[in-house]
Amino acid sequence: MVLDPQAFMATMEKRISFSDSDKALLKENAAWGKSIALQMAEVFYAYLARDPEMYEILNAKEGRMHRLNETFIEWFGEMFTGMDNWGSAYAARRWRIGLVHVQIGIGPQHVVPAMATVVNEVGKHLKSAGLTEDLRESLGRICMIDLAFIEQAYVEVSSQAVLRETGWTEGLFKRMISTGAAGMK
């Protein structure tokens, strides 16, 4: 059950239809992405900080918000550049980002709506800059891949913890999850 980030990235690219034309369009607009990254970080963290639980997480340690802002700006820019053409380095970094979200307690229920807020804000900036809707769609696809890494980190960490603590097999665990899901309504 241990995730291979590069294989996961390849699977997500196919599922989300993240194409070579998306990559080219993002790269062509990397300077523009960099120019709005700080504003997007502000939108993202302002949204998250409105939630009392998230406010506590974001401010739990001295300097955390500063580091998170820097990381967000770097992450945002990397979506446009792809680091290594959205290859193994990109995938490994996204996997690490997902694990950090798990470690500090920022769950998908917080990140997904915050990311939607950023995507909507990007749309406003695109219009005012006279850029195409195609760019928003390309950015939306890579955002979805990045979100999938965060969600998968929660699944992998939780699954591995249960398997390690209980000694169950992966097959038994999957059957229990299926059975449990069928019983919830």
Side-chain angles (χ1 to χ4, degrees), residues 5-6 8-10 12-13 15-51 54-55 57-101 104 106-153:
Q6 191 167 6
F8 187 75
M9 181 74 188
M12 291 300 101
E13 282 188 46
R15 284 186 185 153
I16 295 173
S17 300
F18 184 61
S19 68
D20 287 341
S21 62
D22 289 318
K23 294 174 183 180
L25 187 56
L26 289 167
K27 284 182 179 181
E28 288 168 21
N29 290 280
W32 178 80
K34 185 176 182 177
S35 76
I36 68 163
L38 175 59
Q39 293 169 294
M40 296 305 102
E42 290 168 354
V43 167
F44 186 78
Y45 289 114
Y47 174 86
L48 287 174
R50 292 193 319 233
D51 180 276
M54 279 307 308
Y55 181 85
I57 291 169
L58 294 173
N59 294 288
K61 291 184 179 177
E62 182 75 30
R64 178 178 277 173
M65 271 307 304
H66 177 73
R67 287 187 307 278
L68 288 172
N69 265 302
E70 287 179 346
T71 301
F72 183 98
I73 291 166
E74 189 175 343
W75 164 82
F76 192 81
E78 290 169 355
M79 285 194 299
F80 285 88
T81 65
M83 295 172 62
D84 62 344
N85 202 37
W86 295 271
S88 59
Y90 187 91
R93 178 142 161 83
R94 274 20 192 196
W95 178 238
R96 179 72 188 127
I97 288 170
L99 293 174
V100 169
H101 279 79
I104 67 174
I106 302 175
Q109 75 275 18
H110 297 293
V111 176
V112 171
M115 186 69 72
T117 301
V118 169
V119 170
N120 287 333
E121 190 67 21
V122 165
K124 293 175 190 174
H125 285 266
L126 282 168
K127 280 185 181 177
S128 67
L131 296 169
T132 68
E133 186 66 22
D134 290 345
L135 179 56
R136 182 177 183 202
E137 291 173 9
S138 295
L139 187 58
R141 281 191 272 283
I142 194 59
C143 281
M144 294 307 106
I145 291 172
D146 284 14
L147 283 173
F149 271 101
I150 293 170
E151 290 180 352
Q152 195 62 34

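Computed over heavy atoms, backbone and side chain alike; hydrogens, waters and symmetry mates excluded.
Of all the heavy atoms in Val111 and Phe44, the pair that sits closest is O-CE1, 4.4 Å. When all heavy atoms of Pro108 and Pro113 are compared, the closest pair comes out as O-CD, 3.9 Å. When all heavy atoms of Met9 and Ile145 are compared, the pair lying nearest together is SD-CG2, 3.6 Å. Nearest approach of Ser138 to Phe18, heavy atoms of both residues: O-CE1, 4.0 Å. Here the closest non-hydrogen pair linking Met79 and Tyr90 is CG-OH, 3.5 Å. Across all non-hydrogen atoms, the minimal contact from Phe72 to Met40 is CE2-C, 3.5 Å.
Counting heavy atoms from C-beta on, the side chains of Gln39 and His125 come closer than 4.5 Å. Contact annotation: the side chain of Phe76 never approaches that of Asp146 to less than 4.5 Å [non-hydrogen atoms, C-beta and beyond]. With contacts defined as side-chain heavy-atom distances shorter than 4.5 Å, the pair Glu74/Thr71 does not qualify. Inter-residue side-chain proximity for Arg93 and Ile97 is flagged as met; some heavy-atom pair is nearer than 4.5 Å. Using a 4.5 Å heavy-atom threshold, the side chains of Leu126 and Thr132 count as separate. The shortest side-chain heavy-atom distance between Phe8 and Trp95 does not fall under the 4.5 Å cut-off. Within the 4.5 Å cutoff, no side-chain heavy atoms of Met12 are placed close to those of Gln152. Between Val119 and Leu139, every side-chain heavy-atom pair lies at or beyond the 4.5 Å cut-off.
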Tell me, with the steps shown, if Glu121 and Glu42 meet side-chain contact (heavy atoms from CB on, under 4.5 Å).
CA-CA 11 Å; Glu121 190 67 21; Glu42 290 168 354; over 6 Å; no

Steps toward side-chain contact (heavy atoms from CB on, under 4.5 Å) verdict (Leu26, Trp86):
CA-CA 11 Å; Leu26 289 167; Trp86 295 271; 4.0 Å; yes

Mind running side-chain contact (heavy atoms from CB on, under 4.5 Å) on His101 and His110 for me, showing each step along the way?
CA-CA 10 Å; His101 279 79; His110 297 293; over 6 Å; no

Kindly determine whether Ile16 and Ile142 satisfy side-chain contact (heavy atoms from CB on, under 4.5 Å), including the steps that lead there.
CA-CA 8 Å; Ile16 295 173; Ile142 194 59; over 6 Å; no

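One distance of note links CG of Asn120 with CE of Met115; it measures 12.0 Å at 0.5 Å rounding. Rounding to the nearest 0.5 Å gives a distance of 4.0 Å between OH of Tyr45 and CG of Leu68. Of the inter-residue distances, the one linking Trp75 atom CH2 with Phe80 atom CZ reads 9.5 Å to the nearest 0.5 angstrom. Separating the CG atom in Leu48 from the CZ atom in Arg50 is a distance of 9.0 Å, to the nearest 0.5 Å. Residue Glu13 holds its CD atom at 11.5 Å from CZ of Arg141, rounded to the nearest 0.5 Å. Here CG of Leu58 is found 13.0 Å from NZ of Lys61. Values are rounded to the nearest 0.5 Å.
Residue Glu62 places its CD atom among 12 or fewer non-hydrogen atoms of other residues, nucleotides or ligands, all under 6.0 Å distant. The local environment of CZ in Arg64 is crowded, with over 12 non-hydrogen atoms from other residues, nucleotides or ligands closer than 6.0 Å.
Counting only distance, with no hydrogens or angles, the side chain of Arg136 and the backbone of Leu131 share no donor-acceptor pair below 3.5 Å.
Applying the side chain to side chain donor-acceptor pair (under 3.5 Å) test to Ser19 and every residue at least two apart in sequence or in another chain returns Ser21, Asp22.
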Show me the donor-acceptor pairs within less than 3.5 Å that the side chains of residues 27-35 make with the rest of the protein, sequence neighbours left out.
residue: Lys27; atom: NZ; partner: Asn85; partner atom: OD1; Å: 3.0
residue: Asn29; atom: ND2; partner: Leu25; partner atom: O; Å: 2.8
residue: Ser35; atom: OG; partner: Trp32; partner atom: O; Å: 2.6

